[in-house]
2 protein chains.
Amino acid sequence: MMLLHQAAYVLETELTAKLAEIGMTPRGRCVLSSAVDAGRTQTELAELSNMDKTTMVVTMDALEKAGLAERKLSPTDRRARIIEVTEAGRELLARADRVVADVYEDVLGSLPEGEREGLLGALTRLIEGRLGEPVECDRPPRRRALRQAVG
Amino acid sequence: MMLLHQAAYVLETELTAKLAEIGMTPRGRCVLSSAVDAGRTQTELAELSNMDKTTMVVTMDALEKAGLAERKLSPTDRRARIIEVTEAGRELLARADRVVADVYEDVLGSLPEGEREGLLGALTRLIEGRLGEPVECDRPPRRRALRQAVG
DNA sequence: TATTGTTATACTCTATAACTATA
DNA sequence: TATAGTTATAGAGTATAACAATA
């Protein structure tokens, strides 16, 4: 099962590097995906990505500075900010999605068809079964939440 | 392929939590494994685990404080310290290895035999092929090196 | 001059607590 | 009283730079 770690590690490194080349991060992509055409507030987006609201502030600061998303005042709650993805944000998100899809396709394409299906089948079974839920953890390691991983 | 991340993430969380229950960390286990009966110096161990020598100092401080390993003066180089794993260290390492092996066995055991072999075969092919080498990365993410991952 | 291990320091990333302004 | 977002701050984790002792 060390194999599993190594494969995931190398794949994540490659995806993060390729996203960085076009000026995107896995977290930024995650937030933009949840925000586009959704009319969600910062707090809602933070919950969707399992990040603290203060981490969301930092993330939004970066996205706004990069011109990829904007904070708009909510018409119904003057405390809240609705996050809107800009046209530039949409375009970059589309490019990022293509980058990720291309890598996945390339990786899976390197396997013979039978093995490819076997891999996906086994992983699906694990996710739906034995590895479905993270175990309880008193002091969880300080790392990105799964939802923010490149995917 | 998001499946791959999720499976690795959940598995790593479980292993880290179970190691913590017995007072072990993935990094500590990695260093102890490389050190036991090997007569290696701190720098050699740091290189084997792909960590900075200053990170190794911190790691050894913890292992020594916990009574799991000791710094001995090298008989041939008065600058160097040979790391020796204590009896307590050996015992805890053995327990840790058993914890990890049990989890792996349990996870793989949750798959029907055909899928199990398919999974291992596909992962092996990826590691030896498309996902063999991490891509070059200007500013690599600040995270544990693969070698220190639980395995 | 180069290397081992150490210390001091800085940087990244993330979260907790306290605050402002609303609700 | 509670909530959205912000700021200030703290902590974990890791690395870089400078240093002392030794090669």
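Each chain gets a letter, A, B and so on, in the order the sequences are listed, and its residues count up from 1.
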Query raised in the report: Could you give the CZ-to-P distance, from R81(B) to dT3(C), as a whole number of Å?
Result: 18 Å
Report summary line: Checking dT22(D), dG5(D), dA15(C) against the side chain of T54(A) (C-beta onward), the nearest is dA15(C)
Report summary line: In whole angstroms, the gap separating C1' of dG5(C) from CE of M51(B) amounts to 15 Å
**Report entry** Whole angstrom value for the distance that separates P of dT22(C) from CG of L73(A)
**Finding:** 10 Å
Query raised in the report: Hey, is E64(A) close enough to R81(A) for a salt bridge, meaning N to O under 4.0 Å?
Result: no
Requested in this report: Under 4.0 Å between any heavy atoms, over every strand shown, what does T43(B) touch: base, sugar-phosphate, or nothing? Just pick one.
Outcome: sugar-phosphate
Query raised in the report: Given atom CG of D77(B) and atom P of dA2(C), what is their separation to the nearest angstrom?
Result: 17 Å
Report summary line: When rounded to whole Å, the CD to P distance for the pair Q42(A) and dT3(D) reads 17 Å
Query raised in the report: To the nearest angstrom, how far is M56(B) atom CE from dG13(D) atom P?
Result: 16 Å
Report task. Quickly work out the D52(B) CG to dC11(C) P distance and round it to whole Å. Result -> 16 Å
Report task. Examine dA20(D): is either OP1 or OP2 under 4.0 Å from a nitrogen or oxygen in the side chain of R79(B)? Give yes or no. Result -> no
Requested in this report: Name the nucleic acid region contacted by S74(A), choosing base, sugar-phosphate or nothing; use a 4.0 angstrom heavy-atom cut-off, strictly under.
Outcome: nothing
Requested in this report: Let me see the working for R90(A) and D37(A) under salt bridge (Lys or Arg N to Asp or Glu O under 4.0 Å), right down to the final yes or no.
Outcome: CA-CA 10 Å; R90(A) 289 169 196 273; D37(A) 292 329; 2.9 Å; yes
Query - Polar contact flag, side-chain donor to acceptor under 3.5 angstrom, T41(A)-T43(A) - result: no
Report task. Please state whether the phosphate of dT22(D), meaning OP1 or OP2, lies under 4.0 angstrom from any side-chain nitrogen or oxygen of R78(B). Result -> yes
Query raised in the report: How many angstroms lie between atom CD1 of I82(A) and atom CD of E70(A), to the nearest 0.5 angstrom?
Result: 13.5 Å
Query raised in the report: Any chain of hydrophobic side-chain contacts (each under 4.5 Å) joining I22(A) to L11(A)?
Result: yes
Query raised in the report: Under 4.0 Å: is that the gap between some side-chain N or O of R27(B) and OP1 or OP2 of dG13(D)?
Result: no
**Report entry** Between dG5(D) (C1') and I82(A) (CD1): distance, integer Å
**Finding:** 13 Å
